[in-house]
Amino acid sequence: MTTNVPAIAAPAPHAPLERTTVPLRDVGEHDVLIEIKYAGICHSDIHQVRNGWGEGIFPMVPGHEIAGVVTRVGAGVTRHRVGDRVGVGCFVGSCGTCAQCRGGLEQFCAQGITATYNDRHADGEPTYGGYSTHIVVEEKHALRIPEGIALDEAAPLLCAGITLYSPLAHWKAGPGTKVAIVGLGGLGHVGVKIARELGAEVTVLSQSERKREDAFRLGADHYHATGDPETFTKLAGSFDLVISTVSAPLDLDAYLGLVRVDGVMVNVGAPEEPVSFDLSSLVGGRKTLAGSMIGGLAETQEMLDFCAERGIGAEIELITADQVNEAYERILASDVRYRFVIDAATI
Ligand code: NAP
Ligand code: ZN
């Protein structure tokens, strides 16, 4: 017998989200049932409910920044117990046997990950995400949220946190390195906190002057408005690492100009249109342009432990189920301060 649970879904592309119910998967031998307490709203949710990355699966229940409590475990579960605080991020399936999965890079699984929503399980049934009261996942895809972080502030770490932690760690942000974070939204603000804790000198590059005070409060050392064309001449060749979190196409040549010789620009933003750039922006300085996508399971756990130890959580606006459509509009207007989190008790 299928159990249905309350959720918030987009019934069709571009349609406002509304209350509904969706089927909950049975708890298998290696699965855990999670009562969702909080779900962050990622800009990727908006791209997908608007078919920005291609045709989605509807009705769509977005949400891949999930924090909750285990309420049931399958007979073969060893990692979690009832009552454990756990999080689920962007994927709920990975083959576990390919080179990437064995190397802790499950996000690049050769078989393709099963995304937490807007995807299908092996049996063809759609996956439904975190804007809901419950989710069932295989135990390895549920990560431990240490006591040190409140669950509502932890939820956004499951996507925004790992998406910034992974490239910061991979490209060795730390004492003596100059890091620029482009875009102070959900991803960017967590990036500032993590980069600072790693010991890097952190610059925020934001479109306007509006977020200057917030950037310093979050831990930035410097702040520049990219709307001011002088920013790009003043800061030319300044950074070891530039990470763009911008959700729209960016003038890559301008930002590559900020990277020092042998430095790296990493793009984690996922705009809906392709971008082009002039290869001389790389050639004239042996620069690297790279991309990065979330992180593996072990690395996500490492990030959660690091954040708990360093007192890092997301800065959130807690909202009710009825405020989701309004929150989407504010995110699109770059007016999120700095992550909306849905209180699942209101769904
Ligand atoms: P967000 O909260 O909306 O933040 C994006 C920020 O980018 C905005 O707050 C704004 O900051 C800046 N921005 C927006 N439009 C801009 C424009 N036209 N020109 C310049 N700057 C602009 O979004 P998010 O949740 O952080 O996600 C950001 C992007 O990353 C999305 O495309 C999302 O899909 C993608 N993403 C990728 C991964 C991954 O694994 N690679 C994971 C999660 C999300 P300022 O006001 O400071 O300029
Ligand atoms: Zn996300």
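We use all heavy atoms of the structure for the numbers below, so side chains are in, but hydrogens, waters and symmetry mates are not. Start at 1 and go down the list; that is how both ligands and their atoms are numbered.
Counting only heavy atoms of the protein, atom 47 (O) of ligand 1 lies nearest to S206 OG, 2.5 Å. The protein heavy-atom contact nearest to atom 33 (C) of ligand 1 is S44 OG, 3.4 Å.
The environment of CZ in R72 is sparse: at most 12 heavy-atom neighbours from other residues, nucleotides or ligands sit within 6.0 Å. For K234, the NZ atom counts as densely surrounded, since its 6.0 Å shell holds more than 12 non-hydrogen atoms of other residues, nucleotides or ligands. Annotation: R85, atom CZ; neighbour count of heavy atoms from other residues, nucleotides and ligands within 6.0 Å is above 12.
By the 4.0 Å heavy-atom criterion, W53 is counted among the residues contacting ligand 1. Contact analysis puts R339 in contact with ligand 1, with a non-hydrogen atom separation below 4.0 angstrom.
When the heavy atoms of C159, S208, G52 are ranked by distance to atom 43 (C) of ligand 1, first place goes to C159. Residue V246 holds the heavy atom nearest to atom 7 (O) of ligand 1 of all those in D251, I162, V182, V246.
Polar contact with ligand 1: absent for Y338 (N/O pair, distance under 3.5 Å). Ligand 1 has no N or O atom lying under 3.5 Å from any N or O atom of G188, backbone or side chain.
Ion pairing of R260 with D240 is present here, as a side-chain N (NZ or NE/NH1/NH2) and a carboxylate O approach within less than 4.0 Å.
The number of protein N, O or S atoms lying under 2.8 Å from the Zn ion (ligand 2) is 3.
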